[in-house]
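Below: one structure, written as structure tokens.
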Number of protein chains: 2
Amino acid sequence: MTSRPPRPRERGIPEATVARLPVYLRALQALQDRGTLTVSSEHLASIAGVNSAKLRKDLSHLGSYGTRGVGYEVEYLVYQISRELGLTQDWSVAIVGIGNLGRALANYGGFGTRGFRIAGLLDADPAVVGKTVASLDVRHIDNLEDVVRSKGVSIGVIATPSTSAQGVASRFVEAGVTSILNFAPVVLNVPEGVDVRKVDLSIELQILAFHAQRRADGDSGRGVDRAGLELT
Amino acid sequence: MTSRPPRPRERGIPEATVARLPVYLRALQALQDRGTLTVSSEHLASIAGVNSAKLRKDLSHLGSYGTRGVGYEVEYLVYQISRELGLTQDWSVAIVGIGNLGRALANYGGFGTRGFRIAGLLDADPAVVGKTVASLDVRHIDNLEDVVRSKGVSIGVIATPSTSAQGVASRFVEAGVTSILNFAPVVLNVPEGVDVRKVDLSIELQILAFHAQRRADGDSGRGVDRAGLELT
DNA sequence: ACGTGCTTGTGAAAGCGCGCACAAAGTGGG
DNA sequence: CCCACTTTGTGCGCGCTTTCACAAGCACGT
Ligand SMILES: NC(=O)c1ccc[n+]([C@@H]2O[C@H](COP(=O)([O-])OP(=O)(O)OC[C@H]3O[C@@H](n4cnc5c(N)ncnc54)[C@H](O)[C@@H]3O)[C@@H](O)[C@H]2O)c1
Ligand SMILES: NC(=O)c1ccc[n+]([C@@H]2O[C@H](COP(=O)([O-])OP(=O)(O)OC[C@H]3O[C@@H](n4cnc5c(N)ncnc54)[C@H](O)[C@@H]3O)[C@@H](O)[C@H]2O)c1
């Protein structure tokens, strides 16, 4: 537990930028589908819903891929962002907890499109194990290590009730999975070096409720005009 | 389009704090269920997975509800956070797009527990309209305005394909809904004063892939020990 | 009544992220 | 060849966020 030096900016792209690159990528692919060859930061920014200076600064972290006076070559930029995000390789995903949400995720076509392949579905309920969901058969959770190793799973998705989530996370980690996407409303405890992201619908609703209440508090009679909302 | 003054900190709780209050609330309710009466910032922080100083500063925005030398009274804090987040009143939610995801959301029990009531389900597909999902019958999207008005819907959830999402959002806005939770992978365009939050699974996976790739780049042969990961 | 020990609440410092504004660099027309 | 125009890449200032560190405050035992 040596006290780390104040982050020597390893070789790095800022987190905030990383979180926006997928948005840019999607916008660029939409342009590509429409046959657009080049795009200005202004135009791309408006599609992606961000400030154009921010977009340029974000892209500058990947290198200088634009041409002054012209803009960015769409195809080249798509490739560069894909490469930076690691989408030029395939990622195997395992989903644990094939209930309401797990089934929806398994049936969702949007993952396969961009380098993510669902390699395994796991559940603990005998009534679910053995069933076929999205042309994969649901295996018993005890096979987790097998599935991870044989399919080369590197991303684990947790869609179990929150009581089971920590246990599943630990098993993922033991099996060597270092990237976890968690839908259960609990804080997961994992060793350093394991990356956990959470998706929590209740939190999103509560944040919306907070802002809605604040708006209602201020608006007495008079019309809106309340500004300063942050649109994520 | 008057240029706004540099944000006079209306009367406000920082955004970052608002996003964490629901996490604290959940931790507190777990303590409450276990019969715990008071909790220190250190303890609560470790449950919630944050730094204790941050927790104290967050809570200080709500007022001084702690007792030095003792900690915080769990029940009182639950109430204060609930009130601040607007959970002491009921919020009606309408879900549009009753497909894989919409059905999972409708069947999810976790919403009702905390002030959110699903008041209406809407879809455009004649094969879905009229069906009963989660003991609500699915109405046709043309009834959106009706449903919003008659049920007092204040939060709209969009779970349609991305091609329809903007249209649905606009109809929500026209009907007077100013809080929207969007699952479709598109940037929504809404007038000022409307609050949009998005949940985008593909983006989460891509961020995980980015970090996983970076870890793999550094680790040549030798075991892990890569530090500096930010766990959200 | 008073000291001991624990915990809160917050000032101060450092790090990040955002957006303005502009120089640098390229394009294209004359 | 030069000039007008467009657009990138970035220096800079500002405000938000996080974390440290500690004085102030409270409980409890004696
Ligand atoms: N459904 C939603 O829309 C929704 C919304 C927000 C959050 N969530 C969260 O997502 C999670 C799943 O929700 P759901 O509605 O799909 O629940 P669900 O009850 O329908 O499904 C949970 C599944 O997990 C399985 N399971 C339980 N313990 C397990 C274990 N130890 N190992 C493997 N599988 C196990 C169960 O057999 C079941 O099939 C929950 O934590 C829930 O809070 C769901
Ligand atoms: N299923 C998932 O796990 C998942 C994951 C990530 C993102 N998403 C996104 O969530 C959205 C929904 O996904 P899904 O898998 O449920 O899709 P789906 O095709 O199963 O369901 C979409 C539903 O929306 C309805 N619909 C279409 N146009 C409509 C309109 N104009 N008005 C009302 N209803 C309309 C359709 O009839 C259908 O029932 C998509 O945008 C998808 O990209 C889904």
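First the proteins, then the strands, lettered A, B, ... as listed; each starts at 1.
Using a distance-only test at 3.5 Å, with no hydrogens or angles considered, no donor-acceptor pair links the side chain of B:Gln32 to the main chain of B:Glu75.
Listed here is the closest heavy atom pair of B:Ser162 and B:Val186: CB-CG1, 3.6 Å. Closest of all the heavy-atom pairs between A:Gly152 and A:Ser92 is O-CB, 3.5 Å. Here the shortest heavy-atom pairing between B:Gln80 and B:Tyr65 reads OE1-OH, 3.1 Å. Residues B:Val187 and B:Gln166 approach most closely at O-OE1, 4.2 Å, considering heavy atoms. Residue A:Tyr72 comes nearest to A:Arg56 through the heavy atom pair OH-CG, 3.8 Å, listed as atom of the first residue, atom of the second, then distance. Here the closest heavy-atom approach between residue A:Leu105 and residue A:Ile118 is recorded as O-CD1, 3.9 Å.
Heavy-atom nearest nucleotides on DNA chain D were determined for A:Glu42 and for B:Thr67, and the one closer to the 5' end corresponds to A:Glu42. Of the residues near DNA chain C, B:Lys57 and B:Gly69, the one whose nearest nucleotide (by heavy atom distance) lies more toward the 5' end is B:Gly69. Nearer the 5' end of DNA chain C, as judged by each residue's closest nucleotide, is the contact made by B:Ser41, out of A:Val70 and B:Ser41.
In this structure, A:Asp58 places its CG atom 7 Å from P of C:dC18, rounding to the nearest Å. If you take CG of B:Leu55 and C1' of C:dT7, they are 12 Å apart, rounded to a whole angstrom. What separates CG of A:Leu62 from C1' of D:dG9 is a distance of 13 Å, to the nearest Å. Rounded to whole Å, atom P of D:dG9 lies 10 Å from atom CG of A:Leu77. If you take CG of A:Leu44 and C1' of D:dT7, they are 13 Å apart, rounded to a whole angstrom. In this structure, the CZ atom of B:Arg20 is 15 Å from the P atom of D:dC16, given to the nearest Å. Distance, B:Glu15 CD to D:dG15 P: 18 Å, rounded to whole Å. Between the NE2 atom of B:His61 and the C1' atom of D:dC16 there is a distance of 10 Å, given to the nearest Å.
Residue B:Asn51 has a polar side-chain atom (N or O) positioned under 4.0 Å from OP1 or OP2 of D:dC20. Remark: B:Ser64 is in phosphate contact with C:dG9, judged by side-chain N or O atoms under 4.0 Å from OP1 or OP2. Using a 4.0 Å cut-off, some side-chain N or O of A:Tyr72 falls inside it from OP1 or OP2 of D:dG9. For C:dA24, the OP1/OP2 oxygens have no side-chain nitrogen or oxygen of A:Arg56 closer than 4.0 Å.
Taking only side-chain atoms of B:Lys54, from C-beta outward, the nucleotide of C:dT8, D:dT19, D:dG9 with the closest atom is D:dT19.
Remark: the B:Arg68 side chain and the C:dT7 base include no donor-acceptor N/O pair separated by less than 3.5 Å.
Among the protein residues, A:Thr17 comes within range of no part of the nucleic acid, since none of its heavy atoms lies under 4.0 Å from any strand. Note on A:Ala53: a base of the nucleic acid sits closer than 4.0 angstrom, heavy atoms only.
Tested against A:Ser82, the residues A:Leu77, A:Leu21, A:Leu87 include a single side chain to side chain contact (heavy atoms under 4.5 Å, CB included) partner, A:Leu87.
In the helix from C:dA1-D:dT30 to C:dG30-D:dC1, the rotation axis of the first five pairs and that of the last five pairs differ in direction by 0°, rounded to 10 degrees.
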